Amino acid sequence: MHWADVAAQALAHKSDTHVVSTGITPSGEFHIGHLREILTGDMIARAAKDAGLSVDFVFIIDSADPLRKVYDFLGPEYEQFVGHQLGAIPAPKSDGNPDWERFQNEGWTYANHFLEPFLKALEEIGVRPRLIDNLESYRSGRFAELSKIACDRADDIREAIERISSRELPDGWFPWSPLNSRGGLDKVRVTGYEFPLVHWEDEYGESGSSDITKGEGKLPWRIDWPAKWAWIGVTCEAFGKDHGAAGGSYSTGREIVQLLGHEPPHPLVYEWISLKGQGAMSSSAGNTIGPIEALRLVPPEILRLLVAKSKPNKAIEFDTGMGLVTLADEFERLAARDFQHELTNEELSRRQKVQIEDAAGAMKMATVVSGQKAEATAVTFRHLALLAQTKKNDSDVWTSLQASGALEEITPQLQDRLTRMRYWIQSEHFPNEMRIDILTEPNTTILETLDEVERRILNSLMMTLKTCEWNASAIGASIPQSAKDLDESPRSAFKVAYAAMMGTEKGPRLAPILAEMDREEILRLLEACVQVIEK
RNA sequence: GGGCCUGUAGCUCAGUCAGGUAGAGCGUCGGACUUUUAAUCCGAUGGUCGCGGGUUCGAACCCCGUCAGGCCCGCCA
C-alpha cells in the first residue's frame with residue numbers, strides 16, 4: 001500500500017471527517033523543501049478522500065511569526081523590523097529595502113511578497129488548499145478563547161514544556177508574547193495578566209497592555225501550533241523531522257493541545273529535500289531552488305512523482321542534472337504500464353505485488369488532477385533533449401517525431417514539455433553528458449583506437465561529405481555510403497563518424513546535427529583527424 | 001548526556017509493522033536490428049541485508065549491544 005493510503009487508513013479508523021493541515025512561515029523565498037510539506041499533506045488528503053472520508057485540506061500561512069534577523073537578501077533598513085510580524089511589515093523591493101509605497105497603498109506585506117509565487121506554483125502543481133492567514137486569525141479573535149485557556153493555565157503549560165523538552169524556561173516566562181511599544185515581539189517582559197489584558201514592559205522603557213483577543217501579540221510557537229490544531233480541529237498533520245524529535249515541538253504540542261481541550265492530530269514526519277551535492281536546502285545558504293524554478297524545468301506531475309514515490313521518512317536528493325532525466329523517464333515507463341492488469345497475475349509473490357501496488361499508488365498521487373490517469377507522452381526525456389538540441393524550431397521537432405511514427409498528434413502536454421526542455425537546456429542545470437558537442441579539435445586518444453579499415457573509411461567519409469548535398473537526408477545517406485564504397489558494414493562508418501566528430505563511440509543521429517552546422521568546419525575537423533592518424 | 005530517523009546489488013530504493021528460498025528500476029556486459037531515436041527488443045551480470053551477539057526449526061525483519069551519517073532537545077519553523 002502506498003504511504004498516503006496507509007495514513008488514510010489510520011485516519012479512517014478514527015473518524016469519517018478530517019482536517020489535514022500544513023503550515024509554512026513566509027520568512028524568505030520558498031524552495032522545493034516547502035513543496036514536500038504541502039505535497040505530503042495534499043497526498044494524504046487525496047488518499048483520505050479516495051477512501052471515502054470527508055476531508056478539509058488547509059494551509060496555514062504563519063504570517064504572525066516574527067522576522068528573525070536581517071537576512072542576506074534584505075537591506076539594512078530591515079534592522080528596525082527584526083522581531084516584527086511578517087504579515088505586518090513591508091515587502092522588500094529588488095534592492096532589498098522596504099517597499100513602503102505598496103505597503104501603505106495596497107497593504108502589500110512581507111508575507112504576501114514571498115507567498116504569492118508559491119501559491120502560483122501550487123496551482124500549477126494541482127494543490128488547492130483552504131488558506132488560513134495566521135496573523136489575520138489572531139486579529140479577528142479566532143485565537144481568543146484558546147489564548148485565554150493558555151494564559152489561565154500558564155503553570156501547567158510551563159510544566160509540560162519543561163518536563164518534555166527537558167529545558168528550563170526563564171523566570172517571567174508567559175504563554176503570550178505581547179507586541180512591544182514599537183510593534184515587535186522581542187525585548188518585552190510580561191508583568192501581569194488579567195483577561196483579556198497581558199501587561200508588559202519593554203526595553204525601551206515603555207509599558208502597556210496587550211489584548212489577547214485582538215491579536216496584540218501571539219502565542220509562542222510551542223503553544224501557537226497546538227492552539228491552531230484546536231481551533232481549526234486539525235486531525236492530521238505532516239511536519240518536518242525537526243519537529244518530530246523527542247522533546248521537539250510535536251511532543252510538547254500533543255500534550256498542550258489536550259490542556260486546550262482537543263485531541264492531538266495524527267502525525268507524519270518527513271525528511272528534508274536537499275539539492276544534489278549541495279546539502280540541505282537553506283534560504284540563508286543560498287543553495288535553494290524555488291518551486292517556480294523547479295517547475296520551469298520539470299513538469300508538475302514529475303515533481304509530484306518525486307515526492308510520491310519516496311516514503312516520507314526518506315531524504316530526497318533533488319538532482320537537476322542526470323537524475324532528472326532518470327526520473328522523467330521513470331515517469332514515462334510507469335505511465336505506460338497497466339497496473340490493474342499486472343495484478344491479475346496469480347503467480348505474483350507478495351513482494352512483487354507490493355511493488356506493483358506502490359508504483360500504482362505513486363502514479364495516482366503524481367497526477368495533477370486527482371483521479372485522472374497519467375498519460376505517457378511516448379517521447380522520453382532523453383529523446384526530447386536530443387531533438388530540442390538539434391532542431392531550432394518546435395515544428396521541426398514534431399515533424400521528426402511524426403515521421404518516425406512515434407507520435408500521432410501534438411498534445412498541449414507535449415508542447416509544454418518541449419518548452420520546459422528548451423529552458424532546461426539553456427540553464428546551468430542541464431548535464432554536460434546530455435549536451436551534444438561537435439568537436440573543434442580531433443580527439444587523439446579515440447582516433448588511435450581505429451583499425452586500418454576504419455581509417456580508410458574516415459578518408460572515404462571525408463570525400464563523401466565534401467560532395468554530397470548539405471541537408472539531413474543526403475548526409476544521412478552519405479555516412480553509410482562511405483563504408484559501402486569500401487564493401488564494409490555501414491555500422492563501422494558510424495563508429496568512425498562518432499570518433500572523429502564527437503570523440504565518442506556512439507551518439508545521437510548525426511545527420512540532422514551536421515545539417516545544422518557549417519560544412520567547411522566539419523571538413524576542417526575531418527582533415528585534422530586524417531592528419532592525426534597519418535602521423 | 002537524552003531521543004528520533006537512516007544504513008539492503010555499482011546507483012536509487014522496495015521488502016522490516018503481521019519472521020518462511022534476497023526483489024525492482026537504472027547502470028554494466030552480451031546479442032538482435034545490413035542508415036542510429038546515445039532509440040527499441042532479447043538475454044545475462046550483480047548483495048556477508050553496516051557490524052557483533054541473542055531468541056527461533058527458520059531472522060534483512062523480533063530483542064540486546066555496537067559503528068557510521070543526519071536531525072532534535074536554543075520562543076527555530
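Everything numeric in this text was worked out from a predicted model, so none of it was measured. So you know, we letter chains A, B, ... as the sequences are listed, proteins then strands, and number each from 1. Reckoned from all heavy atoms, side chains included, excluding hydrogens, waters and symmetry mates.
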salt_bridge(A:Arg189, A:Glu201) N-O dist < 4.0 Å: yes
Salt-bridge present (A:Asp394, A:Arg422; N to O < 4.0 Å): yes
Value rounded to 0.5 Å, distance of OH in A:Tyr270 from CZ in A:Phe239: 9.5 Å
Separation of the C1' atoms in B:G25 and B:A14, to the nearest angstrom: 10 Å
Sugar-phosphate, base or nothing in reach of A:Tyr498, heavy atoms under 4.0 Å: base
Salt bridge flag under 4.0 Å for residues A:Lys228 and A:Glu237: no
Interatomic distance at C1', B:G46 relative to B:U8, whole Å: 13 Å
Rounded distance in Å - CZ (A:Arg222) to C1' (B:C72): 9 Å
Spacing between A:Leu115 atom CG and B:A77 atom P, to the nearest angstrom: 17 Å
Nearest-nucleotide pick for A:Asp65, side chain only, options being B:C71, B:C26, B:A77: B:A77
Shortest non-hydrogen separation from A:Ser478 to A:Leu465 and the atoms involved: CB-CD2, 4.2 Å
Plane angle bin for A:Trp424 and A:Phe381 - parallel if under 30°, tilted between 30 and 60°, otherwise perpendicular: tilted
Same-atom distance (P) from B:A44 to B:G15, integer angstrom: 26 Å
Separation of B:U35 C1' from A:Ile479 CD1 (nearest whole Å): 8 Å
P atoms of B:G54 and B:G47, separation to the nearest Å: 27 Å
A:Arg222 and A:Ser249 side chains, donor-acceptor separation under 3.5 Å: no
5' precedence on RNA chain B between A:Phe494 and A:Lys218 (nearest-nucleotide basis): A:Phe494
Proximity to the side chain of A:Pro66 - top-ranked nucleotide from B:C71, B:A38, B:A77: B:A77
Which residue lies more 5' along RNA chain B, comparing A:Gly248 with A:Leu386 via nearest heavy atoms: A:Leu386
Watson-Crick or G-U stems of RNA chain B, 3 or more pairs, under 3.5 Å, by first number: B:1-7 with B:67-73, B:10-13 with B:23-26, B:28-32 with B:40-44, B:50-54 with B:62-66
Distance, P atom - from B:C49 to B:A59, rounded to whole angstrom: 12 Å
Distance, rounded to the nearest Å, where A:Lys495 contributes NZ and B:U36 contributes P: 17 Å
Atom-to-atom span, CG of A:Leu305 to P of B:C26 - whole angstrom: 14 Å
Nucleotide-resolved protein contact map, nucleotides 4-18 of chain B, B/S/- at heavy-atom distance under 4.0 Å: -SSS-----SBSS--
Spacing of A:Ile24 atom CD1 and A:Phe118 atom CZ [to the nearest 0.5 Å]: 4.0 Å
Note: A:Asp202-A:Arg182 ion pair, threshold 4.0 Å (strictly below): no
Rounded C1' spacing from B:U34 to B:U21 in Å: 46 Å
Euclidean distance, atom CD1 of residue A:Ile457 to atom P of B:U35 [Å, nearest integer]: 14 Å
Nucleotide B:C72, atom C1' - distance to CZ of A:Arg254 in whole Å: 17 Å
Pair A:Glu271 + A:Arg36, salt bridge at N-O below 4.0 Å: no
Which residues share a side chain to side chain donor-acceptor pair (under 3.5 Å) with A:Glu159, sequence neighbours left out: A:Arg163
B:A60 and B:G3, which share atom name P, separated by this distance in whole Å: 27 Å
Spacing between A:Ile273 atom CD1 and B:C71 atom P, to the nearest angstrom: 16 Å
Touch class at under 4.0 angstrom, heavy-atom based, for A:Asp224 against every strand present: nothing
B:G7 versus B:U48 - spacing of their C1' atoms, nearest Å: 15 Å
